[in-house]
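Step one of this worksheet: look at the structure below.
Sequence lines set the chain letters: A, B, ... in the order given, protein chains first and strands last, and positions in each chain run from 1.
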There are 2 protein chains.
Amino acid sequence: MQIGQAAKASGASAKMIRHYEAMGLVAPAGRRDSNYRDYTAEDVARLRFVRRARDLGFAIERIRDLLALWSDRGRSSAEVKRIALDHIADLEGRIAGMREMVATLHHLADGCAGDGRPDCPIIEGLAGKNATAAARTAPTARDNPRRAEPPRP
Amino acid sequence: MQIGQAAKASGASAKMIRHYEAMGLVAPAGRRDSNYRDYTAEDVARLRFVRRARDLGFAIERIRDLLALWSDRGRSSAEVKRIALDHIADLEGRIAGMREMVATLHHLADGCAGDGRPDCPIIEGLAGKNATAAARTAPTARDNPRRAEPPRP
DNA sequence: CTGCACCTTCCCATCATGGGAGGGTCAAGC
DNA sequence: GCTTGACCCTCCCATGATGGGAAGGTGCAG
């Protein structure tokens with residue numbers, strides 16, 4: 001089948017399918033005389049695998065590992081599980097970071113009247129020279145190796 | 001003071017400070033004869049504001065709005081609060097998406113022995129033709145306008 | 001005068017994805 | 001046969017926020 005149908009069948013966009021091929025995540029698809037890519041059911045299954053792994057937030061390089069394990073009959077499930085658990089830990093770390101942001105924002109917003117007057121603890125919290133809630137919670141993120149949010153934007 | 005000191009004082013890297021200037025988020029700093037940028041305490045305060053807002057996950061364009069409101073004496077705190085609450089909602093949406101991922105991953109990983117044998121529900125869940133946990137939870141993310149995770153990577 | 005720490009600009013990379021230009025292929029309908 | 005429309009192809013650019021690094025200027029201490 002053509003790439004458009006493979007896209008519908010797998011859930012990945014045609015653009016992404018070509019991209020995955022170009023970056024070597026999936027093997028190059030067969031070609032017809034017209035130079036159109038030609039996909040088999042197996043190709044589609046692999047693309048769906050990639051798509052689902054992306055939906056779970058796995059980074060492409062991790063999916064590369066997962067694909068290799070998938071086609072490795074001698075794999076140990078321990079390897080797969082470790083990747084999954086690492087990813088869970090990663091997600092949980094990011095969730096924690098975002099929850100801190102939300103907590104600080106709630107804290108600031110709760111004190112804000114939200115009316116026509118200019119007085120605003122939110123702005124003050126961001127601007128303040130002294131240690132504000134924003135300043136106090138921020139360092140947690142600042143100390144971390146300068147990464148946060150996950151894949152899948 | 002020079003950019004390096006402004007960086008230390010504000011918490012933003014020198015690289016980022018130049019970037020913010022180039023993109024017009026902050027006004028161009030003064031220059032000495034040497035062409036070195038020269039920062040005042042006010043400049044540093046603005047940079048610190050930006051830094052804190054970034055720590056709370058605000059996107060640059062939102063920070064642009066917040067900076068404008070900060071220096072707008074006639075602002076209404078309602079505008080600021082709306083920006084903050086919108087951002088909270090955004091963060092919470094992303095958190096929910098990631099929690100779904102974590103839940104699905106836990107579900108799959110719980111059934112995985114994690115030993116030397118190849119049998120693995122995680123791989124099967126990703127590969128399965130039928131509706132697996134991965135397939136069932138994924139659509140939630142798939143239906144959304146193709147965005148997820150937040151700023152600050 | 002040398003060395004070192006700092007600054008400057010400019011370009012490239014990340015990560016996954018989309019958009020679009022410019023052009024080829026193919027089947028249906030006239 | 002020819003047009004039309006729906007596909008497909010490749011190539012380039014953009015996103016968002018940040019870092020890395022090259023090539024070269026500045027300024028101070030020894």
Can you check the [X] [atom1] to [N] [atom2] distance for me, whole Å?
{"X": "Lys15(A)", "N": "dC12(D)", "atom1": "NZ", "atom2": "P", "result": "13 Å"}
{"X": "Arg64(A)", "N": "dA16(C)", "atom1": "CZ", "atom2": "C1'", "result": "13 Å"}
{"X": "Tyr39(A)", "N": "dC7(D)", "atom1": "OH", "atom2": "P", "result": "16 Å"}
{"X": "Asn35(B)", "N": "dT26(D)", "atom1": "CG", "atom2": "C1'", "result": "10 Å"}
{"X": "Ile63(A)", "N": "dT17(C)", "atom1": "CD1", "atom2": "C1'", "result": "13 Å"}
{"X": "Glu61(A)", "N": "dA16(C)", "atom1": "CD", "atom2": "C1'", "result": "12 Å"}
{"X": "Gln5(A)", "N": "dA27(C)", "atom1": "CD", "atom2": "C1'", "result": "14 Å"}
{"X": "Met1(A)", "N": "dC7(D)", "atom1": "CE", "atom2": "C1'", "result": "15 Å"}

| message | How long is the straight-line distance from CD1 of Ile88(A) back to NE2 of His106(B), given to the nearest 0.5 Å? | response |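 So the gap between those two atoms works out to 4.0 Å.
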| query | In Å and rounded to the nearest 0.5 Å, what is the CE to CG distance from Met98(B) to Asp90(A)? | reply |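 The distance works out to 9.5 Å.
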| salt bridge (charged side-chain N to carboxylate O under 4.0 Å, His left out): which pairs involve residues 60-71 of chain B, sequence neighbours left out? |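 Residue pairs with at least one partner in residues 60-71 of chain B: Glu61(B)-Arg64(B), Arg62(B)-Asp65(B).
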| task | Could you name each residue pair satisfying salt bridge (charged side-chain N to carboxylate O under 4.0 Å, His left out) that touches residues 67-77 of chain B, not counting sequence neighbours? | result |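 Non-adjacent pairs meeting salt bridge (charged side-chain N to carboxylate O under 4.0 Å, His left out): zero.
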| field | Side-chain heavy-atom pair Leu108(A), Ile123(A) within 4.5 angstrom cut-off | value |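 Contact flag for Leu108(A)/Ile123(A) side chains = no.
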Any [X] side-chain nitrogen or oxygen under 4.0 Å from OP1 or OP2 of [N]:
{"X": "Ser34(B)", "N": "dC7(C)", "answer": "no"}
{"X": "Arg37(B)", "N": "dT9(C)", "answer": "yes"}
{"X": "Arg51(B)", "N": "dA17(D)", "answer": "no"}
{"X": "Ser13(B)", "N": "dT18(D)", "answer": "no"}

| message | Quick check: on DNA chain D, is the nucleotide nearest Ile60(B) upstream (toward 5') of the one nearest Asp33(B), or the reverse? Name the residue that is more 5'. | response |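 Here Ile60(B) is the residue nearer the 5' end.
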So, using salt bridge (Lys or Arg N to Asp or Glu O under 4.0 Å) as the criterion, who are the partners of [X] when residues are at least two apart?
{"X": "Arg117(B)", "answer": "Asp115(B)"}
{"X": "Asp38(A)", "answer": "Arg32(A)"}
{"X": "Arg82(B)", "answer": "Asp86(B)"}

| request: Hey, could you give me each pair passing side-chain hydrogen bond (donor to acceptor under 3.5 Å, both in side chains) that has a residue in residues 14-31 of chain A? Not counting sequence neighbours. | output: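 Pairs touching residues 14-31 of chain A that pass the test: Glu21(A)-Arg37(A), Arg31(A)-Asn35(A).
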| What residues in residues 18-26 of chain B put a non-hydrogen atom under 4.0 Å from any atom of DNA chain D? |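 Of all residues in residues 18-26 of chain B, the ones placing a heavy atom under 4.0 Å from DNA chain D are His19(B), Tyr20(B).
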Sub-3.5 Å pairs of nitrogen or oxygen atoms, protein against nucleotides 4-6 of chain C:
from: dC6(C); atom 1: O3'; to: Gln2(B); atom 2: NE2; distance (Å): 3.2
from: dC6(C); atom 1: O2; to: Tyr36(B); atom 2: OH; distance (Å): 3.2

| field | Transitive ILVMFWY side-chain link Tyr36(B) to Leu47(B), under 4.5 Å | value |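 In one cluster: no.
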| Listed partners of Thr40(A) passing side-chain hydrogen bond (donor to acceptor under 3.5 Å, both in side chains), at least two apart |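 side-chain hydrogen bond (donor to acceptor under 3.5 Å, both in side chains) list for Thr40(A), sorted by chain: Asp43(A).
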| said: Could you work out, with ring-ring contact (aromatic ring centres under 6.0 Å, His included) as the rule, every residue matching Phe49(A), not counting sequence neighbours? | reply: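 Here the qualifying residues are Trp70(A).
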| Taking five pairs at each end of the helix from dC1(C)-dG30(D) to dC30(C)-dG1(D), what angle separates the two helix axes (nearest 10°)? |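 Taking five pairs per end, the axes differ by 30°.
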| query | Contact class for Arg32(A) vs. all strands (heavy atom < 4.0 Å): base, sugar-phosphate, or nothing? | reply |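 Nothing: the residue Arg32(A), judged by heavy atoms under 4.0 Å, touches no strand.
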